[in-house]
A.B. asks: 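If you scroll down you'll find the structure; I have some questions about it.
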Amino acid sequence: MFDTRVEICAHSQERDDYNERVDELVPVAVCFAQRTEAGGRENLFASRILHENEIAYTIRWRPGIRPSQFVRDGDRTMDIISVHEEGRRKYLHIKVKRHDAEDKG
């Protein structure tokens, strides 16, 4: 059931040696998830068609996972849209949105 390795990441701002702000993604949790991809839709964005898919990751319940964080699946990093709890501290459903503009680089 849980066959996809994902990392939950959050932004961290620190200062370097020159007192400049450095933004980086720090791992909050590394876990295995069940990946479910819903049907996509097409949007006209900046004179081109943009394909979007919603992806839901189901993981075992963990505290501290919020929509302001990110899911890293392989080499792709996606924003968390929503987090839903199933049962009493049994599973978490994490929804992210993937679109092909990220794939083009």
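Just so we're clear, the structure is a prediction, and the values are computed from it rather than from any experiment. Scope of the values below: all heavy atoms of this structure, side chains included, with no hydrogens, waters or symmetry mates.
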A.B. asks: Atom NZ in K95, atom CG in D79: separation rounded to 0.5 Å?
C.D. replies: 15.5 Å
A.B. asks: Looking at G64 and Q69, what are the two nearest heavy atoms and their distance?
C.D. replies: O-NE2, 3.3 Å
A.B. asks: Rounded to the nearest 0.5 Å, how far apart are CZ of R62 and SG of C31?
C.D. replies: 5.0 Å
A.B. asks: With a 4.5 Å heavy-atom cut-off, do V83 and L92 have their side chains touching?
C.D. replies: yes
A.B. asks: Looking at every non-hydrogen atom in both residues, tell me the closest pair between I80 and V96 and how far apart they are.
C.D. replies: CA-CG1, 3.9 Å
A.B. asks: With the 4.5 Å side-chain cut-off for hydrophobic clustering, are V6 and V30 part of the same group?
C.D. replies: no
A.B. asks: Give every residue pair that meets the salt bridge (charged side-chain N to carboxylate O under 4.0 Å, His left out) criterion with at least one member in residues 26-36, sequence neighbours excluded.
C.D. replies: R35-E37, R35-D73
A.B. asks: Does anything in residues 18-37 form a ring-ring contact (aromatic ring centres under 6.0 Å, His included)? List the pairs, not counting sequence neighbours.
C.D. replies: none
A.B. asks: Compare every heavy atom of M78 with every heavy atom of I55, then report the nearest pair and how far apart it is.
C.D. replies: CD1-SD, 4.2 Å
A.B. asks: Would you give the length of the straight line joining atom OG1 of T58 to atom NZ of K90, rounded to the nearest 0.5 angstrom?
C.D. replies: 12.0 Å
A.B. asks: State which residues pass side-chain contact (heavy atoms from CB on, under 4.5 Å) with D23; sequence neighbours excluded, sorted by chain then number.
C.D. replies: H11, Q13
A.B. asks: Could I get the full list of side-chain hydrogen bond (donor to acceptor under 3.5 Å, both in side chains) partners for S82, not counting sequence neighbours?
C.D. replies: H84
A.B. asks: Could you tell me which residues satisfy side-chain hydrogen bond (donor to acceptor under 3.5 Å, both in side chains) with Q34, sequence neighbours excluded, listed by chain and number?
C.D. replies: none
A.B. asks: Quick test of your reading: applying salt bridge (charged side-chain N to carboxylate O under 4.0 Å, His left out), list the pairs with at least one residue in residues 5-18, sequence neighbours left out, ordered by first then second residue.
C.D. replies: R5-E7, E7-R72
A.B. asks: Linking Ile, Leu, Val, Met, Phe, Trp and Tyr through side-chain heavy atoms less than 4.5 Å apart, which residues share a cluster with L25?
C.D. replies: F70
A.B. asks: If you measure from OH on Y91 to CZ on F2, what distance do you get to the nearest 0.5 Å?
C.D. replies: 4.5 Å
A.B. asks: Kindly say whether H93 contributes a backbone atom to a donor-acceptor pair with the side chain of E85 at under 3.5 angstrom?
C.D. replies: no
A.B. asks: If I take atom CH2 from residue W61 and atom CZ from residue R88, how far apart are they, to the nearest 0.5 angstrom?
C.D. replies: 9.5 Å
A.B. asks: Please go through V26's hydrophobic cluster and name the other residues, only I, L, V, M, F, W, Y counting, with side-chain heavy atoms under 4.5 Å joining them.
C.D. replies: none
